[in-house]
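Report on the structure given below.
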Amino acid sequence: MFPESHTGYSYEDCRATADWLLAQTAVRPVVGIVCGSGLGGLADMLKDQVVFNYRDIPNFPQSTVHGHAGRLVFGTLKGRPCVCMQGRFHLYEGYPIQKITLPMRIFKLLGVETVILTNAAGGLNQDFKVGDIMIIKDHLNMPGFAGNNPLIGPNDERFGVRFPCMSDAYDRELQQLAMDVGIELGYGDFLREGVYCVLGGPSFETIAECRMLHKLGADAVGMSTVHEVIVARHCGMRVFALSLITNRAVMDYDSEEKANHEEVLETGKQRAEQLERMVSTMVTRIGHNNYS
Ligand SMILES: O=P(O)(O)O[C@H]1O[C@H](CO)[C@@H](O)[C@H]1O
Ligand SMILES: Nc1nc2[nH]cnc2c(=O)[nH]1
């Protein structure tokens with residue numbers, strides 16, 4: 001039932017993990033949240049928490065990155081039942097891509113309808129500043145171009161179709177909701193929208209790579225989110241994602257700037273409160289008015 005898999009997990013394996021969790025909490029989450037690097041404070045917003053360490057959850061990988069606590073937190077956000085990943089998994093940690101994205105299928109089987117993903121990213125768009133919040137409207141899946149897509153392998157129709165559409169990956173109503181909420185909260189000056197590009201990492205980009213990605217249409221670059229989005233959309237959940245621009249990608253050979261994880265975590269700390277307010281307000285409004 002809980003195999004040592006290094007590739008994918010079957011529908012039954014995912015069901016077993018979801019049932020294991022459901023047996024230990026009365027919370028029936030409708031919203032799932034994924035915290036990016038340094039953004040784990042989002043989980044602290046949940047009330048009446050039931051917390052599981054990843055190491056105790058059957059089939060779950062372990063978090064290995066500083067700034068990713070490795071806890072699955074159930075609770076309510078202004079009355080709405082939610083589940084929150086305090087720490088996500090990345091390709092560069094050495095996990096197969098199907099393992100990185102396993103939590104999305106668990107979310108689905110827990111009853112989650114909407115997934116909100118956050119990440120820390122480097123700003124390629126020259127108008128972006130450190131501390132900007134970018135609503136993701138689309139993505140470039142570089143590992144996917146090289147044949148590393150989480151849906152590779154046999155397709156189980158109980159999750160979704162063989163060839164899922166990705167032109168509507170990022171829900172347009174939720175993007176509008178985020179924009180409305182951000183403006184209302186007074187965040188207009190640092191609210192952006194754009195295209196997120198995922199790379200494998202863990203090395204940060206060279207100057208030539210940043211220039212190329214910018215030319216290709218990317219506004220921000222990171223090492224996560226896209227794989228989760230593909231699996232979440234495959235199994236029919238609505239997706240909203242945002243990037244916190246934690247550093248500016250180095251585009252110029254005269255620049256002395258150097259990307260580093262400490263700066264990423266530090267920017268996360270500085271914007272944590274605003275991000276939490278934006279996400280929690282969004283959660284209370286999902287399912288109301290036009291945002292059904
Ligand atoms: O995407 P999240 O998990 O926020 O983390 C981002 O920050 C780390 C680099 O500092 C990388 O893991 C990158 O993907
Ligand atoms: N690849 C990549 N990931 C990041 N995560 C946070 N900042 C960056 C960055 O500049 N590049």
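Indexing begins at 1, ligand by ligand and atom by atom, following the structure's order. We're numbering straight along the sequence, starting at 1. Just so it is clear, the values below take in all heavy atoms, side chains as well, and ignore hydrogens, waters and symmetry mates.
- Of the inter-residue distances, the one linking Thr246 atom OG1 with His261 atom NE2 reads 9.5 Å to the nearest 0.5 angstrom.
- Counting atoms of ligand 2 from 1 in the listed order, those under 4.0 Å from a heavy atom of Glu205 are 1 (N), 2 (C), 9 (C), 10 (O), 11 (N).
- Atoms of ligand 2 lying under 4.0 Å from any heavy atom of Met223, numbered from 1 in the order shown and given with element: 1 (N), 2 (C), 3 (N).
- A cation-pi geometry, defined here as NZ or CZ lying under 6.0 Å from the six-membered ring centre and within 45° of its normal, does not hold between Arg277 and Tyr187.
- Proximity of Leu199 to ligand 2 is not established, as no heavy-atom distance is less than 4.0 Å.
- Considering backbone and side-chain N/O of Ala259, none are found under 3.5 Å from N/O of ligand 2.
- In this structure, Arg105 forms no cation-pi arrangement with Tyr9, as its terminal cationic atom is not both closer than 6.0 Å to the ring centre and no more than 45° off the ring axis.
- If you look at Tyr54 and Phe89, their ring centroids are closer than 6.0 Å.
- Partner of Val181 under the side chain to side chain contact (heavy atoms under 4.5 Å, CB included) criterion, out of Val279, Thr284, Leu191, Thr281: Thr281 alone.
- Near Ala120, meaning under 4.0 Å from one of its heavy atoms, ligand 2 places the atoms 5 (N), 6 (C).
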Quick one, Asn155 with His234, criterion side-chain hydrogen bond (donor to acceptor under 3.5 Å, both in side chains). Give me CA distance, side-chain angles, the key distance, then yes/no.
CA-CA 10 Å; Asn155 185 60; His234 177 246; 3.0 Å; yes
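- Protein heavy atom nearest atom 3 (N) of ligand 2, with residue, atom name and distance: Gly222 CA, 3.3 Å.
- Here CG of Leu77 is found 7.5 Å from NZ of Lys47. Values are rounded to the nearest 0.5 Å.
- Short contacts between ligand 2 and Thr246, defined as distances under 4.0 Å to a heavy atom of the residue, involve ligand atoms 6 (C), 7 (N).
- Heavy atoms of Asn247 found under 4.0 angstrom from ligand 2 belong exclusively to the side chain.
- Note that SG of Cys197 and CD of Glu205 are 8.0 Å apart. Values are rounded to the nearest 0.5 Å.
- Dense packing is recorded around CZ of Arg158, with more than 12 heavy atoms of other residues, nucleotides or ligands lying under 6.0 Å away.
- In this structure, the protein non-hydrogen atom closest to atom 8 (C) of ligand 2 is Gly122 N, 3.4 Å.
- Two rings, from Trp20 and Phe60, have their centers 6.0 Å or more apart.
- At a heavy-atom cutoff of 4.0 Å, ligand 2 is contacted by no atom of Ala249, backbone or side chain.
- Taking every non-hydrogen atom of Val264 and a distance limit under 4.0 Å, the qualifying atoms of ligand 2 come out as 6 (C), 7 (N).
- The CZ atom of Arg88 sits 7.5 Å away from atom OG of Ser37, with the distance rounded to the nearest 0.5 Å.
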Give a table of atom pairs where an N or O of ligand 1 lies under 3.5 Å from a protein N or O.
unit_1	atom_1	unit_2	atom_2	d
ligand 1	1 (O)	Ser224	OG	2.5
ligand 1	3 (O)	His68	NE2	3.4
ligand 1	3 (O)	Arg88	NH1	3.1
ligand 1	3 (O)	His90	NE2	2.7
ligand 1	4 (O)	Ser37	N	2.7
ligand 1	4 (O)	Ala120	N	2.8
ligand 1	5 (O)	Ser37	OG	2.7
ligand 1	7 (O)	Ser37	OG	3.1
ligand 1	10 (O)	His261	ND1	2.6
ligand 1	12 (O)	His90	NE2	3.3
ligand 1	12 (O)	Tyr92	OH	2.6
ligand 1	14 (O)	Met223	N	3.0

